[in-house]
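Structure first, then comments.
A quick note: this is a predicted structure, and the numbers were derived from the prediction, not measured. Numbering of ligands and ligand atoms starts at 1, following listing order.
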Amino acid sequence: MEIFAPDYYEEFKCIAGKCRHSCCIGWEIDIDSKTAAKYKKIHGDLGEKLNKSIVYENDGTVHFRLGKDERCPMLNSDGLCDIILELGESGLCQVCNDHPRFRNFYSHRTEIGLGLCCEAAAKLILGKSDKVNLVRLKDGNEQKNCNYEETEFFKIREKVFAILQERSKSVEDRVNVMLDMFGAQMILMSPLEWVKVFSGLEQLDEKWGECIFKLTLADKSVFDSPLPDYLQIPFEQLSVYFAYRHFALYFDGYDFSKIAMFISLSLNIVKWLCLLEIGDKGYIGLDGLANFARMYSAEIEYSDENIYKLQEMLAEE
Ligand code: SF4
């Protein structure tokens, strides 16, 4: 099986103790059965701590018991993982070892990427200046023929990437070309009505709720303004990331036009948050942009419920 990834993929490095939004806080972490069995055999202080920190549910799921402020009990006060400190990264369960990676599976290849919900990944992706390409990872095998539907799918997605990376146009214009390519027409709702839809979705972090609430009070100019020049390339990277990750929904039964609309809507929400910040502070840097993208990803991309609600809403059109 071939494995593909964006060309920045191998540059990723977890910033661990320096991470301000650690994935070890606020997320319930399931432990795969192989690792759970391994943890049971560990003795000493670590074994005792693991024993106290793991919950075995009746339905067979095993997870860490989150502590105060929903911290993983293995995250120490220096922001470092006690399991890694003692056993190295190979001691982690599958979820922790994998995060923030995501995978899309096709018949002849797997595509892997870095999820924007991780602040280090968000800064890496949005900070790239060159056009992103997909590369075959070293551990992949030689290409095999894929089926007709997938061949057509990859051709269409290639076109989408080319449109989104057409730097003679603004990102907004490129997104419109993508929508036109699929005959997609957004539901006739004002930006403010869309923001209100987002304020009604499931929320993980109250800071996200505050950002969306601020947007509901924003001046009309926030929604009408174009992206400043210095945000064009970061938003190109964001659009390509969304396309790479979400066009795979086609094989879950969503048509291309709905996926294109979802991408357009996602870009708009992040854009409006940035424009609101620019209105307040005069500028937004990579940190600020990556933070909004990270929140968007954690709240929407990583919530099956929210993705489903938005996709269903777009499918009503
Ligand atoms: S969110 Fe990313 S950078 Fe932060 S601890 Fe998790 S993997 Fe590391």
Side-chain angles (χ1 to χ4, degrees), residues 3 5-32 35 39 46 49-50 53-54 63-104 110-128 132 137 202-208 211 234 237-238 240-242 244-245 266 270 273 285-304 306-307:
I3 301 173
D7 49 18
Y8 52 72
Y9 175 77
E10 304 220 40
E11 291 173 45
F12 174 73
K13 201 159 174 22
C14 167
I15 52 174
K18 293 195 190 116
C19 183
R20 288 165 303 166
H21 305 95
S22 169
C23 52
C24 313
I25 301 173
W27 303 80
E28 187 156 285
I29 302 156
D30 284 343
I31 305 169
D32 56 288
T35 311
Y39 287 166
L46 182 67
K49 191 166 183 188
L50 282 166
S53 307
I54 293 177
H63 59 87
F64 287 111
R65 179 183 285 115
L66 298 185
K68 191 168 177 280
D69 299 328
E70 302 198 305
R71 285 173 76 88
C72 172
M74 306 314 290
L75 183 67
N76 66 28
S77 53
D78 295 328
L80 299 173
C81 171
D82 283 336
I83 298 175
I84 297 184
L85 290 176
E86 194 144 330
L87 305 177
E89 291 194 6
S90 61
L92 292 174
C93 64
Q94 208 181 329
V95 169
C96 294
N97 211 3
D98 232 28
H99 189 82
R101 294 160 188 86
F102 66 85
R103 287 175 182 75
N104 287 324
T110 298
E111 292 189 344
I112 190 164
L114 301 171
L116 272 182
C117 68
C118 159
E119 67 180 65
K123 278 176 79 170
L124 173 66
I125 296 167
L126 302 178
K128 286 275 147 195
V132 167
L137 294 186
E202 178 195 49
Q203 287 174 5
L204 201 68
D205 182 347
E206 61 187 29
K207 288 208 180 72
W208 172 251
C211 290
Q237 309 298 11
L238 187 58
V240 172
Y241 163 86
F242 282 139
Y244 178 61
R245 182 163 190 162
S266 302
V270 181
L273 289 167
L286 179 60
D287 268 352
L289 166 61
N291 194 36
F292 286 137
R294 178 195 62 76
M295 279 199 277
Y296 182 88
S297 175
E299 299 283 340
I300 308 299
E301 280 189 316
Y302 281 77
S303 163
D304 289 344
N306 287 343
I307 288 263

- Testing K18, R294, H21 for side chain to side chain donor-acceptor pair (under 3.5 Å) with E119, which one passes?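 With E119 as partner, K18, R294, H21 yield a single side chain to side chain donor-acceptor pair (under 3.5 Å), made by H21.
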- Confirm or rule out an N/O/S atom of C19, from backbone or side chain, lying less than 2.8 Å from atom 4 (Fe) of ligand 1.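 C19 does place an N, O or S atom closer than 2.8 Å to atom 4 (Fe) of ligand 1.
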- Contact summary for F64 and Y39, nearest pair of heavy atoms: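 What the structure gives for the nearest pair is CZ-CE1, 4.0 Å.
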- Does ligand 1 have any atom sitting under 4.0 Å from a heavy atom of H21?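 In this structure, H21 qualifies as a contact of ligand 1 - some heavy atom is under 4.0 Å.
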Is the shortest side-chain heavy-atom distance between [X] and [Y] below 4.5 Å?
| X | Y | result |
| --- | --- | --- |
| L46 | M74 | yes |
| I29 | C96 | yes |
| I31 | V95 | no |

- Query: Are the charged groups of K49 and E86 less than 4.0 angstrom apart, N to O?
  - Reply: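 No, this pair does not count.
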- Atom indices of ligand 1, in the order listed, that fall short of 4.0 Å to a heavy atom of A120: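 Near A120, the atoms of ligand 1 are 3 (S).
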- Quick one: which ligand 1 atoms are inside 4.0 Å of a heavy atom on I15?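 Close to I15: 3 (S), 8 (Fe).
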- Protein contact to atom 2 (Fe) of ligand 1 [nearest heavy atom, distance to 0.1 Å]: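 Protein heavy atom at minimum distance: C118 SG, 2.4 Å.
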- Item | Shortest protein contact, atom 8 (Fe) of ligand 1 (heavy atom only) |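 Minimum-distance protein heavy atom for atom 8 (Fe) of ligand 1 reads C14 SG, 2.3 Å.
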- Using a cut-off of strictly less than 2.8 Å, determine whether C23 has an N/O/S atom near atom 6 (Fe) of ligand 1.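 So C23 does bind atom 6 (Fe) of ligand 1 by this criterion.
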